[in-house]
Amino acid sequence: MMHMFPTVMILGSTGSVGEQAIDVAKQHGIRVTALCAHKNFKRVAEQARELHVTAAAMTDEQAAAALRLSLADTDIKVYGGEEGILAMIEEVDAEFAVNAILGEAGLRPTLSVLSSGKHLALANKESLVVAGELVMASAKQQGLRITPVDSEHSAIFQALRAGKQSEIKRLILTASGGPFFGKKRTELSHITVDDTLAHPTWQMGAKITVDSATLMNKGFEVIEAAHLFGVPADKIDVVVHRESIIHSMVEYIDNSVIAQMSVPDMRLCVQYALTAPHRTEAVIPPLDLLQVGKLSFAAPDTETFPLLSLAKRAFSLGGAMSAALNAANEIAVAAFLARRISFLKLSDIVLRVTEDMPHAARAHTLCEILDIDREARERALALI
């Protein structure tokens with residue numbers, strides 16, 4: 001089965017998804033040609049040696065200089081800065097790129113992957129939230145595949161093999177509900193950063209764990225699903241499923257619902273993104289339904305957690321509204337993690353900035369989208 005695996009570059013190799021992609025590569029003997037990360041040059045140096053890559057890049061110029069020093073005894077080419085990462089994507093051979101870069105910083109690498117003729121295994125949901133139309137159009141134009149790495153989108157991607165596009169009635173995204181499921185707004189006033197980072201089922205980075213607690217992450221996933229699968233947002237529902245065993249579902253016009261289930265482990269998603277439509281030997285433990293015992297479902301509380309509804313609204317308004325939403329959220333989450341604002345203020349800032357920028361709906365080009373992104377960040381900073 002080895003021949004099925006493409007050569008891969010891993011962008012964002014020191015984050016949780018990047019590390020899991022490396023684990024999949026090692027277990028299956030997949031050739032990794034290049035890596036990139038932001039600042040953690042020590043880990044990138046270890047990864048680069050272990051995987052015998054031809055190139056590595058660091059967004060942070062000082063980290064790039066340090067990486068050059070630590071790899072001086074090898075032939076590995078080291079690139080530095082944001083432009084350096086784009087150059088590495090263009091110049092280094094790989095059939096697939098796994099984009100697990102965090103936040104809006106992943107957008108230009110996504111576009112670069114596609115313009116350089118590589119298929120994309122996408123874990124950077126912001127690429128589609130910020131500029132979904134441009135990204136999907138670029139993939140279509142180049143005849144390239146975008147395969148999802150998010151567990152929910154991987155589940156839908158798999159369940160869609162059971163029917164045709166014209167037969168889809170709705171997509172059902174599952175949500176863990178985060179650490180504050182069942183709490184009302186009044187109970188959230190004294191929430192700390194530590195409380196927020198205690199996620200019930202998934203081990204993730206700090207930013208995405210906060211987004212999971214506010215349900216912003218689920219809002220982003222609705223937008224991502226709409227772009228990836230060509231389904232309008234009003235045909236995408238969210239259901240809270242605390243056990244995180246059903247990763248998402250597709251309901252067809254005959255009312256048949258196809259669900260994808262597994263233990264919560266992102267390595268399956270990375271593996272399937274690289275091998276689809278084929279399946280290969282497991283890298284994750286098997287699912288023991290008797291041990292799980294029961295599966296529960298509940299409606300999301302959009303009154304206490306308004307960002308999920310806001311995301312749907314931003315998407316339906318179109319243009320760069322989702323980009324404004326994402327930019328305000330990135331600033332607000334960073335301020336919350338730095339303990340500069342409260343948990344409730346985080347959502348308030350995102351709501352206020354997004355609602356104060358109706359002109360964002362008229363922005364469509366990359367230049368206009370990036371202008372809106374900048375404006376939303378400035379507006380959010382002013383509210384902190």
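In what follows, residues are counted from 1 in the order of the sequence shown.
Looking at heavy atoms from C-beta onward, N124 lies out of side-chain contact with L107 at the 4.5 angstrom threshold. A heavy-atom distance below 4.5 Å is found between the side chains of I168 and L160. At least one side-chain heavy atom of I22 sits less than 4.5 Å from a side-chain heavy atom of I10. With a 4.5 Å cut-off on side-chain heavy atoms, L344 and S189 count as touching.
A salt bridge does not link E330 to K207: none of the charged side-chain nitrogens sits closer than 4.0 Å to a carboxylate oxygen. In this structure, R313 pairs ionically with E355, as a charged nitrogen and a carboxylate oxygen lie closer than 4.0 Å. Between R362 and E368 there is no salt bridge, since no side-chain N of the basic residue sits under 4.0 Å from a carboxylate O of the acidic one. Checked for salt-bridge contact, D371 and R374 meet the test: a charged N lies under 4.0 Å from a carboxylate O. In summary, K169 and D254 do not engage in a salt bridge, as defined by a charged side-chain N under 4.0 Å from a carboxylate O. Taking a cutoff of 4.0 Å between a charged side-chain nitrogen and a carboxylate oxygen, R185 and D348 qualify as a salt bridge. We find that R108 and E83 are joined by a salt bridge, their nearest charged nitrogen and carboxylate oxygen being less than 4.0 Å apart. Note on K26 versus E50: salt bridge recorded, some NZ/NE/NH1/NH2 to OD/OE distance being below 4.0 Å. Using a cut-off of 4.0 Å between Lys/Arg side-chain N and Asp/Glu carboxylate O, E46 and R43 are scored as salt-bridged. Ion pair R49/D73 flagged as a salt bridge, since at least one NZ, NE, NH1 or NH2 atom sits closer than 4.0 Å to an Asp/Glu carboxylate oxygen.
Side-chain contact of S115 with E90: a donor-acceptor pair under 3.5 Å is present, judged by distance alone. No side-chain donor-acceptor contact under 3.5 Å links Q260 and S154. For the residue pair E82 and T59, no side-chain donor N or O sits within less than 3.5 Å of a side-chain acceptor on the partner. A donor-acceptor contact closer than 3.5 angstrom is absent between the side chains of K164 and S166.
Atom CG of D288 has more than 12 neighbouring heavy atoms from other residues, nucleotides or ligands inside a 6.0 Å radius.
Taking the centre and axis of the six-membered ring of Y272, the NZ or CZ atom of R279 falls inside the cone set by 45° and 6.0 Å.
Residues forming a side-chain contact (heavy atoms from CB on, under 4.5 Å) with S138 (at least two apart in sequence, or on another chain): L114, Q142.
Checked against L71 for a side-chain contact (heavy atoms from CB on, under 4.5 Å), the options V44, V78, V53 give a single hit: V78.
Residue pairs satisfying the ring pair (Phe, Tyr, Trp, His ring centres under 6.0 Å) criterion with at least one member in residues 78-114, sequence neighbours excluded, are listed as follows: F96-H119.
Note on ring orientation: taking the six-membered ring where Trp is involved, the planes of F229 and H153 are parallel (angle under 30°, cut-offs 30° and 60°).
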